[in-house]
Amino acid sequence: MEAFFFNCNIECGTKRCMGCFMTIDAEYEVKGGKLFSVSGSEVDPSLFKEYSASELLTLREEDRDVSDVMAEGDMSFDSAVPSEGQIVKILVQYEHVAEYPEEYDEAFLANLRSLLKLMEDEGLHALIVPVAKNYAFADMDACEDFTAAFKHLARRVKDCTNVIGLALPEGFVSGSENVEEINYFVSELTAKHDHYVFAGGEKIFEILGKCDGDVQSRTFKY
């Protein structure tokens, strides 16, 4: 497809492009806490492959192209993939997106976008799984910083039509029931990405019934 460029203020990679304005048709939907393709086939989350995006951090140091990742190790998707449309969980550390609040690693995000584009060419879909090893969801301010980082990531990969959504971090559920934080995260991420669905574990589903209806209708159990 021919690229058209506009005077926008969102950069998805090296250029300002049509991806900032595109609307993506949903390929997956949630029914009763389960994930389905829009054709009606139920998807089993236990079959999702998993890949840690932290490997992308070493590409510059090792003088490797992101395409190498597709041919080595965990990202060798030849005989291991049962069928086109396989969903891969891409684990993304919060600290790799934003070492400090609102200070984003654009080189890392550019490599992530390149990886997603290569996966898209292979007919593979991606679920972004935010990971927060050293990040506490202590209050709403912390949640807003975390959400802003992954909202920024979503803008950078908006033209990757194979991204189906994100997982809801278990960190949102601590000693108290953080319904407000979950509602905020989903609201912010879907503002420009209406096709996104969300994955939640046991802890999320324990309080999902108290969340906004839109959160409930978009969240599947995995």
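For the single chain, residues carry numbers from 1 onward in sequence order. Because only heavy atoms are used, hydrogens play no part in the values below, and waters and symmetry mates are left out as well, while side chains stay in.
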Trainee: Please identify each residue that fulfils side chain to side chain contact (heavy atoms under 4.5 Å, CB included) with Asp44, with sequence neighbours left out.
Mentor: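 Asp44 satisfies side chain to side chain contact (heavy atoms under 4.5 Å, CB included) with Ser46, Leu47 once adjacent residues are dropped.
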
Trainee: Nearest 0.5 angstrom please: Met140 CE to Asp145 CG, how far?
Mentor: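 Those atoms lie 10.5 Å apart.
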
Trainee: What's the spacing between Lys210 NZ and Glu180 CD if we round to 0.5 Å?
Mentor: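 Those atoms lie 14.5 Å apart.
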
Trainee: What residues form a side-chain hydrogen bond (donor to acceptor under 3.5 Å, both in side chains) with Lys89, not counting sequence neighbours?
Mentor: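 With neighbours one apart ignored, the set is Glu50.
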
Trainee: Okay, side chain of Asn183, backbone of Asp212: is any donor-acceptor separation there less than 3.5 Å?
Mentor: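 Checked: pair present.
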
Trainee: Answer yes or no: is there a donor N or O on one side and an acceptor on the other, between the side chain of Asn162 and the main chain of Leu124, under 3.5 Å?
Mentor: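 Indeed, once roles are kept as given, a pair shorter than 3.5 Å links the two residues.
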
Trainee: How about Gln86 and His125: does a side-chain donor come under 3.5 Å of a side-chain acceptor?
Mentor: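 No - no donor-acceptor pair under 3.5 Å links their side chains.
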
Trainee: To the nearest 0.5 angstrom, please state how far the CD atom of Glu29 sits from the NZ atom of Lys34.
Mentor: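 Taking CD in Glu29 and NZ in Lys34, the distance rounds to 14.0 Å.
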
Trainee: Do you know the tightest heavy-atom contact between Pro130 and Ala167?
Mentor: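 Result for this residue pair: CD-O, 3.3 Å.
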
Trainee: Hey, are Lys151 and Glu188 close enough for a salt bridge, meaning a charged N less than 4.0 Å from a carboxylate O?
Mentor: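 Judged by the 4.0 Å cut-off on N to carboxylate O distance, Lys151 and Glu188 do form a salt bridge.
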
Trainee: Taking transitive links into account, so neighbours of neighbours count too, which hydrophobic residues share a cluster with Val38 at under 4.5 Å side-chain distance?
Mentor: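 Its cluster mates, by chain and number: none.
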
Trainee: Closer than 3.5 angstrom, by distance alone: can the side chain of Asp105 be matched with the main-chain N or O of Phe108 as a donor-acceptor pair?
Mentor: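 Judged by distance alone, yes, a pair lies under 3.5 Å.
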
Trainee: Linking I/L/V/M/F/W/Y whenever any side-chain heavy atoms sit under 4.5 Å apart, do Phe36 and Ile164 land together?
Mentor: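 Unlinked, Phe36 and Ile164 end up in two clusters.
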
Trainee: What about Phe146 and Tyr94, are their ring centers closer than 6.0 Å?
Mentor: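 Yes, close enough.
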
Trainee: Yes or no on side chain to side chain contact (heavy atoms under 4.5 Å, CB included) for Phe150 and Val92, after CA distance, side-chain angles and deciding distance?
Mentor: CA-CA 9 Å; Phe150 283 91; Val92 180; 4.0 Å; yes

Trainee: Please report the shortest heavy-atom distance between Val97 and Ala149, naming the atom on each side.
Mentor: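 It is CG1-O, 3.5 Å.
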
Trainee: Does any pair with a residue in residues 184-208 pass ring-ring contact (aromatic ring centres under 6.0 Å, His included), and if so which ones, sequence neighbours excluded?
Mentor: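 For residues 184-208: Phe172-Phe185, His193-Tyr196.
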
Trainee: Might you point out which heavy atoms bring Val43 and Ser37 nearest each other, and give the distance in Å?
Mentor: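 Distance-wise, the nearest heavy atoms are CG2-N, 4.0 Å.
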
Trainee: Got a sec, which residues hit side-chain hydrogen bond (donor to acceptor under 3.5 Å, both in side chains) with Ser187, two or more places apart in sequence or on another chain?
Mentor: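 Scan of Ser187 (side-chain hydrogen bond (donor to acceptor under 3.5 Å, both in side chains), adjacent residues dropped) gives none.
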
Trainee: CG/Leu109 to CZ/Arg155 distance, rounded to the nearest 0.5 angstrom?
Mentor: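 Going from the CG atom of Leu109 to the CZ atom of Arg155 covers 10.5 Å.
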
Trainee: Checking side-chain contact (heavy atoms from CB on, under 4.5 Å) between Val163 and each of Ile90, Ile128, Ile24, which is the one that passes?
Mentor: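 Single side-chain contact (heavy atoms from CB on, under 4.5 Å) partner of Val163 among Ile90, Ile128, Ile24: Ile128.
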
Trainee: Apply side chain to side chain contact (heavy atoms under 4.5 Å, CB included) to Asp214 and list each qualifying residue two or more places apart in sequence or on a separate chain.
Mentor: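 Residues passing side chain to side chain contact (heavy atoms under 4.5 Å, CB included) with Asp214: Val186, Thr190, Ser217, Arg218.
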
Trainee: Work out which heavy atom in Cys211 is nearest to a heavy atom in Gln216; give both atom names and the distance.
Mentor: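 Heavy atoms only, the tightest pair is O-NE2, 2.8 Å.
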
Trainee: Which residues pass the side chain to side chain contact (heavy atoms under 4.5 Å, CB included) test with Lys117, not counting sequence neighbours?
Mentor: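 Applying side chain to side chain contact (heavy atoms under 4.5 Å, CB included) to Lys117 gives Arg113, Glu120, Asp159, Cys160.
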
Trainee: By side chain to side chain contact (heavy atoms under 4.5 Å, CB included), which residues pair with Glu202, not counting sequence neighbours?
Mentor: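 Glu202 satisfies side chain to side chain contact (heavy atoms under 4.5 Å, CB included) with Lys221 once adjacent residues are dropped.
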
Trainee: For a quick test of reading the model, state the closest non-hydrogen atom pair linking Leu189 to Ala154 and the distance between them.
Mentor: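 That closest heavy-atom pairing would be CD1-CB, 3.9 Å.
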
Trainee: Do Glu42 and Lys31 meet the salt-bridge criterion of a basic N to acidic O distance under 4.0 Å?
Mentor: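 Result for this pair is no, no salt bridge flagged.
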
Trainee: Nearest 0.5 Å, please: how far is OG1 in Thr219 from CD1 in Ile182?
Mentor: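 Result: 8.0 Å between the selected atoms.
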
Trainee: If every non-hydrogen atom of Leu35 is compared with every non-hydrogen atom of Tyr28, which pair is closest and at what distance?
Mentor: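 Closest pair (atom of Leu35, atom of Tyr28, distance): CD1-CB, 3.8 Å.
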
Trainee: Hey, any chance Ile87 and Val131 share a hydrophobic cluster, counting ILVMFWY side chains that come within less than 4.5 Å of each other, even indirectly?
Mentor: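 Yes, same cluster.
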
